[in-house]
There are 2 protein chains.
Amino acid sequence: MTKNFNFIEKLRETGLRPTKQRVKICEVLFNRDKTFHFTINDLVKKISEELNEKISLATVYNTVHALQKKGYLKEISINSDKSYFDTNTTVHHHFYDEDTHQLIDCDENEIENVNVKNNITGKKINSVEVLVRVASDNQNQN
Amino acid sequence: MTKNFNFIEKLRETGLRPTKQRVKICEVLFNRDKTFHFTINDLVKKISEELNEKISLATVYNTVHALQKKGYLKEISINSDKSYFDTNTTVHHHFYDEDTHQLIDCDENEIENVNVKNNITGKKINSVEVLVRVASDNQNQN
DNA sequence: TCAACAGTTTAGAATAATTATAATTTATAA
DNA sequence: TTATAAATTATAATTATTCTAAACTGTTGA
Ligand SMILES: [Mn+2]
Ligand SMILES: [Mn+2]
Ligand SMILES: [Zn+2]
Ligand SMILES: [Zn+2]
């Protein structure tokens, strides 16, 4: 989904009824310039900040999963206690800021092609992604 | 912790009292040749298979976290609904089999050094790890 | 246009992983 | 051996997520 778009048409095209809730969620997610990395909770917060209406938590889950299934969102796992989603659905690499718990896309040219020399027999490679964990310089472990 | 070891001494050295439960868990985890990737549930299952005594779930959680804090275990996130732990605590890469949900270490030479050209300013890189997602060749998406 | 029907929303219950609590037990230092 | 702090345990609490089932809405075709 591209920014500044008629999400009603876009949703209909992919077989999702363009309900009020879905259109609103799409606007929050896709009407932006940069990739958006979010948890369900982040999204719920954004919705209540940017919109008047409130959308039930179940609907936010339903819609995010529907959009993911249609290929408009991608799930990212960095932290096992909650799911992150990503409006950038391409195979790409991330920085993860361990201080702020923020995910940031790597630019194409920041990491060169990762070459996997041997694969597991009988399996095909679906994706090769790099996670770069960063933290502030003055480390204070306990 | 190395295999075939006196875990009583090893635990004491790191300031953990070598209780019966901890020693048993260490034996299950570290008396093996290959890296062990496991969920808490996997470990509980292994314990009840390989030992007579039963160890409470709370103690398994406590011990795994204690060992992790001391640097004998590493937490891996591939799937957001449960935590994986890894007896290989070095920075290394993984294959993740999306069919069987198995994590497998990459050999050193299977992926060459990943070069991160730009970093986020003010941050230091803690780790650079690759996740290769694989699945059986005959894909059946829905 | 508008009824019918499938698809969607919703509140709330259920589930599952994990963490907290608080009483009991154990390891160890004196 | 005893005192004390640390660890274990059963169980309750928490949190993210999914399920349920009733109410509601978007769409289709008469
Ligand atoms: Mn965690
Ligand atoms: Mn998942
Ligand atoms: Zn991203
Ligand atoms: Zn590993």
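Below, read A as the first sequence line, B as the second, and so on, with proteins coming before strands; counting in each chain starts at 1.
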* Asked: Below 4.0 angstrom from OP1 or OP2 of D/dT17, is there any side-chain N or O of A/His65?
  -> no
* Between residues 19-28 of chain B and DNA chain D, which residues have a heavy-atom gap below 4.0 Å? -> B/Thr19, B/Gln21, B/Arg22
* Asked: A/Thr89 and A/Leu73: which non-hydrogen atoms are nearest, and at how many Å?
  -> CG2-N, 3.5 Å
* Atom pair OG (B/Ser136) and CD1 (A/Ile120), whose distance is rounded to the nearest 0.5 Å -> 12.5 Å
* Modelled atom types, side-chain donor and acceptor of A/His37 and A/Asp105, under 3.5 Å -> yes
* Out of C/dA27, D/dG26, D/dT17, which has the shortest distance to the side chain of A/Ile40? -> D/dT17
* To do: Report the distance from atom CG of A/Leu11 to atom P of C/dG7, rounded to the nearest whole Å.
  => 16 Å
* Asked: Between B/Thr39 and B/Lys82, which heavy-atom pair has the shortest distance, and what is it?
  -> CG2-CD, 3.6 Å
* To do: Any chance you could lay out the side-chain contact (heavy atoms from CB on, under 4.5 Å) test for A/Lys10 and A/Phe30, step after step, and finish with the verdict?
  => CA-CA 12 Å; A/Lys10 203 71 190 172; A/Phe30 303 113; over 6 Å; no
* To do: Find the distance B/Glu9:CD to C/dT28:P and express it as a whole number of Å.
  => 10 Å
* Structure fact -> When rounded to whole Å, the CG to P distance for the pair B/Asn41 and C/dT15 reads 17 Å
* Quick one: which of B/His92, B/Lys74, B/Gln68 gives a side-chain hydrogen bond (donor to acceptor under 3.5 Å, both in side chains) with B/Asp86? -> B/His92
* **d(CD, A/Glu75; P, D/dA16) in whole Å** => 15 Å
* To do: Check whether any side-chain N or O of B/Arg17 sits under 4.0 Å from OP1 or OP2 of D/dT8, and answer yes or no.
  => no
* Structure fact -> Between A/His94 and A/Ile76 the two heavy atoms that sit nearest each other are CE1-CD1, 3.6 Å
* **Length of the line joining A/Arg12:CZ and D/dG26:P, which is rounded to integer Å** => 11 Å
* Atom CD of B/Glu129 and atom SG of B/Cys106: how far apart are they, to the nearest 0.5 Å? -> 10.5 Å
* Specify the residue among B/Lys82 and B/Pro18 whose closest nucleotide of DNA chain C lies further upstream toward the 5′ end. => B/Lys82
* **Interatomic distance, B/Ile55 atom CD1 to B/Arg22 atom CZ [nearest 0.5 angstrom]** => 11.0 Å
* **Sorted by number, the residues of residues 43-62 of chain B with heavy-atom contact under 4.0 Å to DNA chain D** => B/Lys54, B/Ile55, B/Ser56, B/Ala58, B/Thr59, B/Asn62
